[in-house]
Amino acid sequence: MTPDPTLHGLSFDAHLSTLFTERPLLERPRVAREAGFDAVECWWPFDAVAVPSDAAVDAFVSAITDAGVRLVSLNFFAGDMAAGDSGLVSWPGRQEELAESVEVALDIADRLGTRRFNALYGNRLDGVDPEEQDEVAAATLDTLARRVGEFDGKLVLEALSGRPAYPLTTTADALAVLDRVGRPELTLLTDLYHRAVVGDIDTVAEQAGRTGHVQLADAPGRREPGSGTTDLDRHLAALEAAGYDGFVGLEYLPSTDTLGSLDWLPRERRGIR
Ligand SMILES: O=C(O)C(=O)CO
């Protein structure tokens with residue numbers, strides 16, 4: 001479907017873990033800025049390392065500040081994602097490691113003004129009772145939500161498609177966790193790609209009040225808007241009309257080079273509105 005970003009007024013941000021991957025991570029904030037973006041977001045920037053060195057943290061913070069962009073959302077440490085991990089929130093025995101890495105993330109946030117934090121729930125683990133995992137997750141999310149609340153921030157939780165061991169696949173799954181934890185700082189990450197894949201994209205506006213962050217990619221394929229069949233602009237317009245006024249992260253895998261994949265988004269629509 002041909003994108004028409006004039007249909008809503010939401011601000012976009014460039015996802016540094018999926019866009020501009022032609023360059024090393026520390027160069028991507030500058031390249032994003034040169035491409036016209038004021039805002040960026042990122043998965044955990046230190047790969048499978050929960051507690052990076054001070055030098056690595058400083059280098060990341062400098063890359064963002066030197067480029068003159070805002071880091072609007074950051075994923076907490078999620079384990080070894082390249083090896084298939086999808087978060088530590090529900091992983092018994094790894095809570096101390098998660099807590100230490102969260103303090104690193106909050107230090108970065110404090111220095112950069114970041115207020116959205118994505119906590120991936122974690123995969124089901126062989127030999128571990130799912131109920132035990134859900135109990136660990138509820139307690140962890142409660143703690144993380146309170147901690148993030150001290151920063152006036154929001155914790156966001158997302159349902160994911162394409163990860164068979166990840167138990168939150170639908171919006172209802174994610175909302176059930178939000179309800180169980182019952183903290184105002186814990187909100188939904190509405191990822192239009194994952195929602196289109198599982199077939200529950202038409203209700204996004206109903207959850208606008210509980211949505212702390214939005215991301216997009218076209219489906220099928222998880223590529224740039226216009227590459228698939230999802231009417232992304234209609235859903236973004238519906239979210240905006242229902243009161244969502246946060247950022248929309250461009251979390252897609254470019255089908256060409258990143259700059260070429262941005263042809264759908266005029267340069268004047270890439271900055272913060
Ligand atoms: O792994 C994914 O698909 C994500 O969106 C993580 O934030």
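Counting starts at 1 for both ligands and their atoms, in listed order. Side chains are part of it too, since the values below use all heavy atoms of this structure and drop only hydrogens, waters and symmetry mates. Residue numbers start at 1 and run along the sequence shown. Fair warning: this is a prediction, and the values are worked out from it, not measured in the lab.
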Check each N or O atom of ligand 1 against all protein N or O atoms and list the pairs under 3.5 Å, with atom names and distances to 0.1 Å, one per line.
residue	atom	partner	partner atom	Å
ligand 1	1 (O)	Arg163	NE	3.4
ligand 1	1 (O)	Arg163	NH2	3.0
ligand 1	3 (O)	His194	NE2	3.3
ligand 1	3 (O)	Arg222	NH1	2.9
ligand 1	3 (O)	Arg222	NH2	3.2
ligand 1	5 (O)	Glu158	OE2	3.3
ligand 1	5 (O)	Arg222	NH2	3.2
ligand 1	5 (O)	Glu251	OE1	3.4
ligand 1	5 (O)	Glu251	OE2	3.2
ligand 1	7 (O)	Trp43	NE1	3.3
ligand 1	7 (O)	Asn75	ND2	3.2
ligand 1	7 (O)	Glu158	OE2	2.7

Kindly state each residue pair satisfying salt bridge (charged side-chain N to carboxylate O under 4.0 Å, His left out) with at least one member in residues 197-209, sequence neighbours excluded.
-> Arg195-Asp200, Asp202-Arg234

Would you please name every residue forming a side-chain contact (heavy atoms from CB on, under 4.5 Å) with Thr256, sequence neighbours left out?
-> Ser261

Steps toward side-chain contact (heavy atoms from CB on, under 4.5 Å) verdict (Trp44, Val104) | CA-CA 11 Å; Trp44 182 245; Val104 176; 4.0 Å; yes

Leu189: which other cluster members, linking ILVMFWY side chains closer than 4.5 Å, directly or transitively?
-> Val156

Aromatic ring pairing Phe117/Phe76, orientation class (parallel under 30°, perpendicular over 60°, tilted between) = parallel

Ring centers of Trp91, Tyr166 separated by less than 6.0 Å | no

